[in-house]
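For reference, the structure discussed in these notes is given below.
What's counted below: heavy atoms across the whole structure, side chains too, no hydrogens, waters or symmetry copies.
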Amino acid sequence: MEAEEQPVLQFNLVNKVYAAADKSAAGHKVLIDLSMTLYPGMVVGLLGQNGAGKSTLMRCALGIVDIDSGNINTLGESPENLSNEAKQRIGYVPQQPFGYEGFTVDKALELHRSFYPNWDTALEQDWLKRFDLDVTQAVQKLSVGQRQSLALIMAMAYRPTLLLLDEPVASLDPIARRQFMGDLFDLALESGSAVLFSSHITSDLERVASHVALIKKGELVLFKEIDALREEVKLLTISDDTQLPANYTILSQTGQAVLVDTQGNAEVVVGVQHEKSLNLEQLFMELHR
Ligand SMILES: Nc1ncnc2c1ncn2[C@@H]1O[C@H](COP(=O)(O)OP(=O)(O)OP(=O)(O)O)[C@@H](O)[C@H]1O
């Protein structure tokens, strides 16, 4: 990553508390001191349990939800005052896409296209074909997966600089999912976009993400290049008197089993009886043990 590159999206010590229904009760902390930076070309897979704060994070980046402290820089602007120019460079697919009821697919696309001067018609046509969408079909009669496909085309055919996808493939069949995830990565590389997508499908994330961001109860516990994950995050079995190096981050500990981020430190540590590399699913399970 070149030092002079401007971030596409930056969260800096962001906190978000949702007020409790009972106003006298303490609110619910959903994002806690969360900092993370996305540069052009990064495809960041956001992983976390239900309710961890993934959707809220994306909604904060778009100014749909206000934050309580910290700051967010979305395409160089503050999310609560995003300019029209910035909005035209952002693609967003929420968990439950909606809108365009009463339109056919082609009429919906025609209207949507008119908002985006950079619309790439060839890309749109290509994706309509891949997702096998019938453009004469009424939007409200599309299946959930077809609707998600349409929402993806609408969010991506203008090659946005920032793409926020909230579980974009949850309703897609395995073939459409695989194609889409491959295309997503290509698009980001070709267009120099940054992508933040949430998914519970760890194999998809491992296949296409350049980085993984792991959120646990509103805290970012790990943000790492996917290639470095296997090398640097290890499950260690240690003896009682083991002194782990100061630059290791302990991600979780259950008795003598310690999940650590070695931060690339390859030194041999006295007292480590066993060490194991983990795939993303194993890592996720270990972190939530
Ligand atoms: N508008 C709101 N008011 C109050 N609480 C909310 C609101 N929106 C979300 N929450 C709560 O904030 C927490 C985080 O929700 P969020 O939707 O960000 O989680 P998520 O990680 O996207 O979950 P999932 O994987 O289930 O989609 C949850 O406990 C949720 O109930």
Side-chain angles (χ1 to χ4, degrees), residues 1 11 13-14 29-39 41-57 165 167 169-170 174 177-178 181-182 184-185 188 194-289:
M1 204 74 35
F11 299 90
L13 292 173
V14 169
K29 285 186 185 177
V30 181
L31 299 176
I32 303 166
D33 287 340
L34 194 145
S35 299
M36 172 163 84
T37 305
L38 275 73
Y39 289 98
M42 279 169 73
V43 178
V44 179
L46 194 54
L47 191 62
Q49 279 185 308
N50 294 128
K54 304 178 296 294
S55 303
T56 302
L57 186 69
L165 305 172
E167 292 187 46
V169 293
R177 224 179 72 214
R178 187 170 270 264
M181 295 308 272
L184 179 66
F185 193 68
V195 183
L196 181 62
F197 76 99
S198 63
S199 176
H200 293 294
I201 305 170
T202 50
S203 55
D204 278 349
L205 230 136
E206 271 171 327
R207 203 168 50 238
V208 302
S210 62
H211 292 69
V212 62
L214 227 151
I215 299 195
K216 186 177 176 185
K217 294 187 179 152
E219 289 186 77
L220 184 69
V221 288
L222 191 73
F223 183 76
K224 204 172 254 308
E225 271 191 63
I226 211 112
D227 293 341
L229 205 71
R230 269 180 179 268
E231 289 297 310
E232 298 184 6
V233 178
K234 308 266 183 193
L235 182 63
L236 307 179
T237 309
I238 59 170
S239 49
D240 289 341
D241 53 356
T242 305
Q243 290 287 326
L244 293 174
N247 58 357
Y248 276 25
T249 305
I250 297 181
L251 301 171
S252 72
Q253 181 157 14
T254 316
Q256 280 164 294
V258 191
L259 184 67
V260 293
D261 179 357
T262 64
Q263 321 262 14
N265 183 339
E267 77 183 77
V268 175
V269 181
V270 178
V272 172
Q273 295 160 357
H274 185 252
E275 92 168 38
K276 185 181 169 195
S277 294
L278 306 175
N279 65 28
L280 204 46
E281 185 172 334
Q282 292 167 325
L283 168 61
F284 188 78
M285 300 302 281
E286 207 51 56
L287 258 178
H288 293 90
R289 198 184 269 275

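Closest approach of Gly48 and His200 over heavy atoms only: O-CE1, 3.2 Å. Across all non-hydrogen atoms, the minimal contact from Val270 to Thr242 is O-CG2, 3.3 Å. In terms of heavy atoms, Asn265 sits closest to Pro245 at ND2-CB, 3.9 Å. The shortest heavy-atom contact between Asn247 and Gln263 is O-CG, 2.9 Å. Contact detail for Met181 and Val208: the closest heavy-atom pair is O-CG1, 3.3 Å. Of all heavy-atom pairs spanning Leu251 and Leu287, the tightest one is O-CD2, 3.7 Å.
A 4.5 Å side-chain heavy-atom check between Met36 and Leu196 finds at least one atom pair inside the cut-off. Residues Ile201 and Arg207 fail the side-chain proximity criterion, which asks for heavy atoms closer than 4.5 Å. Side-chain contact between Leu283 and Val212 is absent, with no heavy atoms from C-beta onward closer than 4.5 Å. You'll find the side chain of Asn279 stays beyond 4.5 Å of the side chain of Thr202, heavy atoms only.
Note that the CG atom of Leu47 and the CG atom of Leu222 stand 10.0 Å from one another [nearest 0.5 Å]. In this structure, the separation between CG on Leu13 and CG on Leu31 is 12.0 Å, given to the nearest 0.5 Å. In this structure, CG on Asp261 lies 11.0 Å from CD1 on Ile250, to the nearest 0.5 angstrom. Distance check: Gln273 CD to Thr237 OG1 gives 6.5 Å after rounding to the nearest 0.5 Å. Between the CG atom of Leu57 and the CG atom of Leu220 there is a distance of 8.5 Å, given to the nearest 0.5 Å. For the atom pair CD1 of Ile226 and NZ of Lys224, the computed distance is 11.5 Å after rounding to the nearest 0.5 Å.
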Inset, instruction - Let me see the working for Ile238 and Gln253 under side-chain contact (heavy atoms from CB on, under 4.5 Å), right down to the final yes or no. - result: CA-CA 10 Å; Ile238 59 170; Gln253 181 157 14; 4.1 Å; yes

Inset, instruction - Under the side-chain contact (heavy atoms from CB on, under 4.5 Å) rule, what do Asp240 and Gln256 come out as? Steps first, then yes or no, please. - result: CA-CA 7 Å; Asp240 289 341; Gln256 280 164 294; 3.6 Å; yes

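Here ring-ring contact (aromatic ring centres under 6.0 Å, His included) pairs that include residues 221-255, with residues two or more places apart or in two chains, are His211-Phe223. Sorted by first then second residue, the salt bridge (Lys or Arg N to Asp or Glu O under 4.0 Å) pairs that include residues 274-289, not counting sequence neighbours, are Lys234-Glu275, Glu286-Arg289.
Ser277 places a side-chain N or O within donor-acceptor distance of the main-chain N or O of Arg230, the cut-off being under 3.5 Å. For Lys216 (side chain) and Gln49 (main-chain N/O), no donor-acceptor pair under 3.5 Å exists by modelled atom type.
Counting non-hydrogen atoms of other residues, nucleotides and ligands closer than 6.0 Å to CZ of Arg177 gives a total above 12.
Annotation: ring-ring contact (aromatic ring centres under 6.0 Å, His included) contacts of His288 (sequence neighbours excluded): Phe284.
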